[in-house]
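Within every chain, numbering begins at 1; the chains are lettered A, B, ... in the order of the sequence lines, protein sequences first and strands thereafter.
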Amino acid sequence: MLIKDLIKLTSCAVIAQRMRSFLTSLGIAIGVAAVVLLTSIGDGMQRFVMAEFTQFGTNLIAINPGKTTTHGASIGIYGTERPLTIDDAAALEKLRDVEAVVPLVQGNAEVESTHRQRRTTVYGISGDMPHAYRVEVALGRYFINEDPSTPRAVAVLGSKLRSELFGSRNPLEQRIRIGGERYRIIGVFAPKGQILGVDLDDAVYIPAARAQEMFNRDSLVEIDLLYRETADVDEVVASIARLLSARHGRDDVTITTQQQMLDVLGSVLAILTFAVAALGSISLLVGSVGIFTIMTIAVNERTSEIGLLRALGGKRQQVMAIFLGEAIILATLGGLLGLVIGVGGAQLLTLLFPALPVHISWNYLIAAETLAIVIGVIAGVWPARRAAKLNPVDALRSE
Amino acid sequence: MIQLQQIHRIFKVGDQQVHALNDLSLTINGGEYLSIMGPSGSGKSTLLNLIGLLDQPTSGEYTFNNQKVTTLSDDQKAVLRRDQIGFIFQFFHLVPRLTAIENIELPMVLAGIPSTERRTRVSRILDAVGLAERAHHKPEQLSGGQQQRVAIARATIMQPSVLLADEPTGNLDSASGNDVVEILEALNQQGITLIIVTHDAALGARAMREIKMIDGRIIDDGHQKPR
C-alpha cells in the first residue's frame, strides 16, 4: 500500500465521522493547549526571574565572611573568622582579571533634607559600584576618586529617595543629614528598579569607610567583585581564595559566583516549568483515553469492513496500519488544534495581563505536538491490533 | 486448478463439535461454471470461504494452481486472494464512505498500484459493468443492482482466475439479479472460473456443473452437462 493512499483512506474515515472525530481530537487539543499555556507561563516566569538576577551582569562574584560548611566539631575550636575589611577589598583590586571591587556596608538611618525626613537604607560602597552593578548616574557625578581610607562626606541618592526628599528640585550640592552627620549631595542614580523586593532606588549611597563609622563597625557585609568577561571564573575564584587565605591566615570566606547562583536558580525554575508541563500532560492522558475509546468503537462498528479488506487481499499489518493511522490523525489534528488554542491563549494572556510574563517556547510546542502523536500511537495500538487479529470469516459475517 | 482432498472442517461451538465439511474432495478445472447448492448449514459457505483462502481446513489437502496452500502464511494467502480470487457477497460489502470508483480501487490500493494506472483500469471496467456515469456516487446513492455491479467490478479489477459469489442475487429483485448473473456469466465466457453458492434452484441450474451438499458432504456432483 502506498503511503499516500494510506493517508487518504484513513483521513476519509476521520472525515466521515466529523463530529465524533472533532470531539475526540478536542480531548487531545485541550491537553496540548494546557501544556502550551502552562509552559509558556512557566518559561516566562523563568526568563523574568533570570532577567531580574542578571541585570547586574553575570560576571559578578560575592565574597562573604565565614564559611558555610558544616564542621564536625564546635566552631569555637577554630575560633571566629576574621572580618572582611576595606583593606581586603583594596588588595583584591590588584588581582589579575579583576575589573571592579565593591566593598559593601549596609544599614538603616534617618536621612534629613531641609524640609523632609525619611528613614531608608544606607549603602556604604566604593567608587567602582556603578561599573560593577551597571547603574547609570542620572545627575551630577559619582565619588570615583575618593581616598577609600579617608573619604569626604559626600552622598549619591537613589532616584526614589531624591523625589521623596526634593521632589523636582535640583538636589545637587544640597546638604543633607544622614544618621545625624552632614553630607553633600554630588549625584543621583538613574532608576534601577526593584530586585526581589529590594528597592535600590529608595536608598542613599556613601563611601564605605563613612558608613563603617556611622554604624560603628570595622567590617564589611560583603565584597562584590566584577571580573573580566574573558577570564576563567574558576581561576579568578582560586586567586581570590589564595589572596584572602594569605591575608587572614586561613580560608574563612565564602565565595559565590553569580554563575553558580544562576545555574541553581535556572535548574530550579526549569524543574518547575517541567512539573507544570507534566500537570498539563495529565489532560493529554485523558484525551488519549478518548482516542482509545473511539478507536475501539470504530473497530467494532467496522468489523465487516475489516473482513472485506482481508477478503480483498489486505494483510494484517495493512488493516493495523489503517486503524493506527486513524488514531494518529486524530491525535495529530487534536495536537495542532491545541497548539492554536494554546498559543492564542498565551497571546490573549499577554494582551489582558501585560505584567504576567508569558513566553512561548518552540521547544515546548514541538514537544507537546510530538507527545500528542506518541499518545495517538499508544492509544491506537490496542484497537488496531484487535482489528488486525480478527478472523476474516467471522468479521465478514458480522453486519 | 482447484483440488480439495479429504477436507474436514470442524468448528467448536461451545462444547459441541460441528462437522461443517466432512471428508470432502472436489476438483474444479480452470474456466468452469459451478453452482453449489444445499440447505442452510450444509457447509456450502464454509466450502466457499475455504476455497477463497479465508478459512483453513482442520485436515486435508488444498491445492490452488498447483500450489499447496494449506501451509502458506497468512500474508502469502492474502496476496493470493488479492491477485487470484475475487469475492462477491450477498450484501455487496461496499465501504459506505467511499465512492464507486474508490470502492473498485480498493484491491489495487492494497496492492500498492499507483493511482494513474488505477484510473485507466477503473474506467475500463466501469464501462464493462455499465456504471460509467455513476462513478462518483456513494453506495447509498446507488440501487442494489448497481451496488452489486460495483462489487463485481471490484472483484475483477485484479483480473483474478477465480470468482466466488455467495448468493449474488439474494438481495436483488429479479430484473437486476438477472443483469448481475449475465455479467458474471459473461466473465466466465472470457475464461474466469465462476463458483456460485445459492439457495435459488433456478440460478443454480444455469451453471454447467451443479453440486448439491448436505451435512458437509457432496451428495450430487452433476458433472459437465451440455449447455
Side-chain angles (χ1 to χ4, degrees), chain A residues 1-21 294 297-326 329-330 384-399, chain B residues 9 11 20 45-46 48-50 52-56 73-99 102-118 138-140 151 154-158 160 164 166 171:
Chain A
M1 193 160 34
L2 303 173
I3 194 81
K4 194 179 74 181
D5 289 322
L6 177 65
I7 291 169
K8 203 181 140 197
L9 214 56
T10 48
S11 49
C12 184
V14 169
I15 291 164
Q17 297 273 4
R18 266 177 221 97
M19 196 60 194
R20 190 160 108 175
S21 301
I294 282 301
I297 292 173
V299 169
N300 283 337
E301 282 177 348
R302 281 153 57 192
T303 301
S304 79
E305 186 186 316
I306 294 163
L308 171 78
L309 285 172
R310 302 275 285 129
L312 295 180
K315 299 173 187 169
R316 287 186 195 276
Q317 309 97 280
Q318 288 180 321
V319 172
M320 173 137 179
I322 286 169
F323 281 89
L324 195 56
E326 282 183 39
I329 285 184
L330 286 175
R385 273 175 64 95
R386 215 167 62 88
K389 279 185 179 166
L390 283 176
N391 177 310
V393 176
D394 296 340
L396 269 172
R397 210 179 291 138
S398 83
E399 196 60 59
Chain B
R9 181 68 176 106
F11 292 108
S45 288
T46 307
L48 198 75
N49 288 333
L50 212 119
L53 295 171
L54 286 172
D55 202 0
Q56 184 86 350
S73 75
D74 208 73
D75 282 358
Q76 286 171 316
K77 282 193 275 191
V79 170
L80 212 54
R81 279 200 297 274
R82 190 183 75 199
D83 297 338
Q84 296 292 333
I85 301 168
F87 287 93
I88 292 154
F89 308 95
Q90 180 176 2
F91 297 104
F92 322 133
H93 273 301
L94 299 180
V95 179
R97 59 181 179 280
L98 300 181
T99 63
E102 290 165 337
N103 266 291
I104 296 168
E105 277 185 331
L106 259 183
M108 295 192 286
V109 167
L110 292 170
I113 294 171
S115 61
T116 43
E117 195 190 332
R118 295 204 305 252
K138 297 260 172 79
E140 60 186 13
R154 183 180 63 193
T156 52
I157 193 80
M158 296 295 287
L164 304 176
D166 193 353
N171 219 27

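Neither the backbone nor the side chain of A/Ile15 comes within less than 4.5 Å of any heavy atom in chain B. Both the backbone and the side chain of B/Asp55 come within contact range of chain A, judged by heavy atoms closer than 4.5 Å.
Annotation: the span from A/Lys389 atom NZ to B/Asp74 atom CG amounts to 12.5 Å, rounded to 0.5 Å. Taking CG from A/Leu308 and CG from B/Leu94, the interatomic distance works out to 8.0 Å, rounded to the nearest 0.5 Å. Here B/Leu106 contributes atom CG and A/Met1 contributes atom CE; the two are 9.5 Å apart, rounded to the nearest 0.5 Å. Once rounded to the nearest 0.5 Å, the distance linking CG of B/Leu110 with CD1 of A/Ile322 reads 6.0 Å.
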Self-check item: side-chain contact (heavy atoms from CB on, under 4.5 Å) evaluation trace for A/Leu309 with B/Val95
Solution: CA-CA 10 Å; A/Leu309 285 172; B/Val95 179; 5.9 Å; no
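For the residue pair B/Ala78 and A/Gly314, the shortest heavy atom distance occurs at CB-O, 3.8 Å. Closest approach of A/Ala311 to B/Leu54, counting heavy atoms only: CA-CD2, 3.8 Å. Between B/Leu98 and A/Cys12, the shortest heavy-atom contact is CD2-SG, 3.6 Å. Minimum interatomic distance between A/Ala16 and B/Arg97 (heavy atoms only, all atoms of both residues): CB-CD, 3.6 Å. The heavy-atom pair separating B/Ile113 from A/Leu2 by the smallest distance is O-CD1, 4.0 Å. The shortest non-hydrogen separation linking A/Ser304 to B/His93 is CB-CE1, 3.6 Å.
Under the salt bridge (charged side-chain N to carboxylate O under 4.0 Å, His left out) criterion, A/Lys4 pairs with no residue at all, not counting sequence neighbours.
With chain A as partner, the option from B/Arg81, B/Met158, B/Glu102 having the largest number of non-hydrogen pairs under 4.5 angstrom is B/Arg81.
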Quick one: side chains of residues 82-92 of chain B, donor-acceptor pairs under 3.5 Å with protein atoms, not counting sequence neighbours, listed by atom name and distance.
residue: B/Gln84; atom: OE1; partner: B/Ser161; partner atom: OG; Å: 2.8

